[in-house]
Asker: 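Please find one structure pasted underneath; my questions will follow.
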Amino acid sequence: MIDKKTVEYVANLARIELKEKELDKLSGQLGDILGFIDKLKEVNVDSVPPTSHAISIGNVLRDDSLKESLPVNKALSNSPLKNGSSFIVPKVIE
Amino acid sequence: MAISNGVDKKLNTLTAHELLDKLKSGGISSEDIFSALEKRIKEADPKVNAYVRNQVQLPLADNRKNITGGVPIAIKDNICTEGYNTECCSKILEGFIPPYDATVIKKIKGSGHAFLKLKTNMDEFAFGSSTENSSFGLTHNPWNLDYVPGGSSGGSAAAVASDEAIWALGSDTGGSIRQPASFCGVVGLKPTYGRVSRYGLIAFASSLDQIGPITKDVRDCALLMNIIAGYDPNDSTSVNTQVPDYTKSLNSGIKGLKIGIPKEYFVEGLDPEVNSAVKEAINILKKLGADFKEVSLNHTQYAVPVYYIIATAEASSNLARFDGVQYGFRSKAANLIDMYKKTRGEAFGEEAKRRIILGTFVLSHGYYDAYYLRALKVRTLIKQDFDKAFQDLDCIITPTSPSPAFKIGERVDDPLKMYLSDIYTISANLAGIPGMSLPCGFTKKGLPIGMQILAKHFDEERIFSLSFAYEQNTEWHKMKPDFKP
């Protein structure tokens, strides 16, 4: 089960501000979903390896060489706040 | 509903291969196709809402005069198109104009075809099974406007079904191509994981996502696969193997093809009309010479819980990039952390927040082993079920969804019930295998029913042989909704 305090804690980890009403609704719904997910506890997975990809793939490496990349103006084109060459964010260090 | 007879039909009602024949013989131009689509979109979309941002008045493509010999393709709102809004139907990507094209878009451009500037509606970030979670409002099912088109690629499926598009691209993480295809009576294919590049597809769950075609018939599906499939160095999960000409497998025949019917899919909860339509389809395929046998996919009942751990965990990580800094919406706040929290709190929709929080929870300290790691292990068992079944099978046939389309609003407040509508499609994503939904009948109320054909990794060709043989012997794909705007 999952209580309101846990949802609040996890929402903070996920950097999402929730309203009081959202917290109440989510706690109930996540509780139901986790209750359903608990079904997995009945499966014996003692000697089963985990699968993170259905097709086995290895590391894909490329040559460490210069190639064309997105120009600065294009990379910044969607930013809500920017100056000539950087993203602008609220002050981080006092 | 009515069967179209092929005489004097409007161009927007034709398939891509019919239009390509007409283009080749010089009877029509690509511009004629654009005009027919434009007219249809303007009259039908105010009712269907398959396209987003209310762009129905805009030209469908730039430089239309330069496009010759091509049939335009509709694109889901999560596939990047350089210069044209791509917002995943989320407020958090409001105004996002991609600075580059997805690989599939590059391939379309290189193929001589074109794509529509208007993008198709979807559940926000592909989180949903009904296209009701879109920041642009919901899409209606052209077969009955009171019903959902399925989701998350509901806009693409509804556009193709209502002849507002000739063919379309969707994406499928747990059934998001196949389930709406079945609800809307069209063909939808989720290719093998690694078959089609996801470069430029806005990521939901990276170990599951695939881009695929939604089309009016099987031949169009094969033609569109020929355009989009193939290795891409920009997607490190794409697999470098030969891509066959899929149209060549259409006529390979199905005599002696070994097909499995998983008993776990024909159980309580399956709608009786869906059950009998799929069984009838199996009878037709038997008469055409395919061999059937019952198989067991033991861990089927665990697919949905496994999926909602893995998919939400991956989504919570993928969606961390939406922080108000690089693109989209930003909320005002005095410090950086508050800016992140307010931006994400205000601009993500309800289902997106639910999934990000669930995903963060199952990955968090103290719960990782109990939920996430356990889910990865059960995923292994689900995949092994298929590996074992395919040792002596060519294909597996199931219903695509346990029910036909449901009513708008019916499941929005019950996330768990919504999640269960993907119960038959999710396993293919977990196992990485290809799956197609193909029209196989209608309910008494006139809603389409789809059957699903699954095959081994990279064996889309078997799916095409089987689906084409079925289609040649049935008329379902020729049915059109009576929908009049």
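Sequence lines set the chain letters: A, B, ... in the order given, protein chains first and strands last, and positions in each chain run from 1.
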Asker: For residues 61-77 of chain A, give me every residue with a non-hydrogen atom less than 4.5 Å from any non-hydrogen atom of chain B.
Answerer: L70(A), K74(A)
Asker: Could R344(B) and E17(A) be called an ion pair, given the rule that one side-chain N must be under 4.0 Å from one carboxylate O?
Answerer: no
Asker: Mind listing the side-chain donor-acceptor pairs of residues 315-326 of chain B below 3.5 Å, one per line with the distance, residues two or more places apart or on another chain?
Answerer:
| unit_1 | atom_1 | unit_2 | atom_2 | d |
| --- | --- | --- | --- | --- |
| S316(B) | OG | A313(B) | O | 2.8 |
| N318(B) | OD1 | R321(B) | NH2 | 3.4 |
| N318(B) | ND2 | F204(B) | O | 3.0 |
| N318(B) | ND2 | S206(B) | OG | 3.0 |
| R321(B) | NE | N318(B) | O | 3.0 |
| D323(B) | OD1 | V325(B) | N | 3.0 |

Asker: Is chain B contacted by the side chain of K25(A), its backbone, both, or neither, given a heavy-atom distance below 4.5 Å?
Answerer: side chain
Asker: Mind checking what makes ring pair (Phe, Tyr, Trp, His ring centres under 6.0 Å) contact with Y100(B), not counting sequence neighbours?
Answerer: Y199(B)
Asker: Show the nearest heavy-atom pair for residues Q301(B) and E42(A), with the distance to one decimal.
Answerer: OE1-OE2, 4.2 Å
Asker: For A334(B) and P90(A), work out which heavy atoms get closest and say how close.
Answerer: O-CB, 3.7 Å
Asker: Which atom names give the shortest non-hydrogen contact between V10(A) and F361(B), and what distance separates them?
Answerer: CG1-N, 3.6 Å
Asker: Who pairs with Y372(B) by ring pair (Phe, Tyr, Trp, His ring centres under 6.0 Å), at least two apart in sequence or on another chain?
Answerer: Y368(B)
Asker: Using every non-hydrogen atom in the two residues, find where S364(B) and L13(A) come nearest and quote the distance to one decimal.
Answerer: CB-CD1, 4.3 Å
Asker: For the side chain of T380(B) and the backbone of V48(A), is there at least one donor-acceptor N/O pair under 3.5 Å apart?
Answerer: no
Asker: List the atom of D32(A), the atom of L416(B), and the distance in Å for their closest heavy-atom pair.
Answerer: O-CD2, 4.1 Å
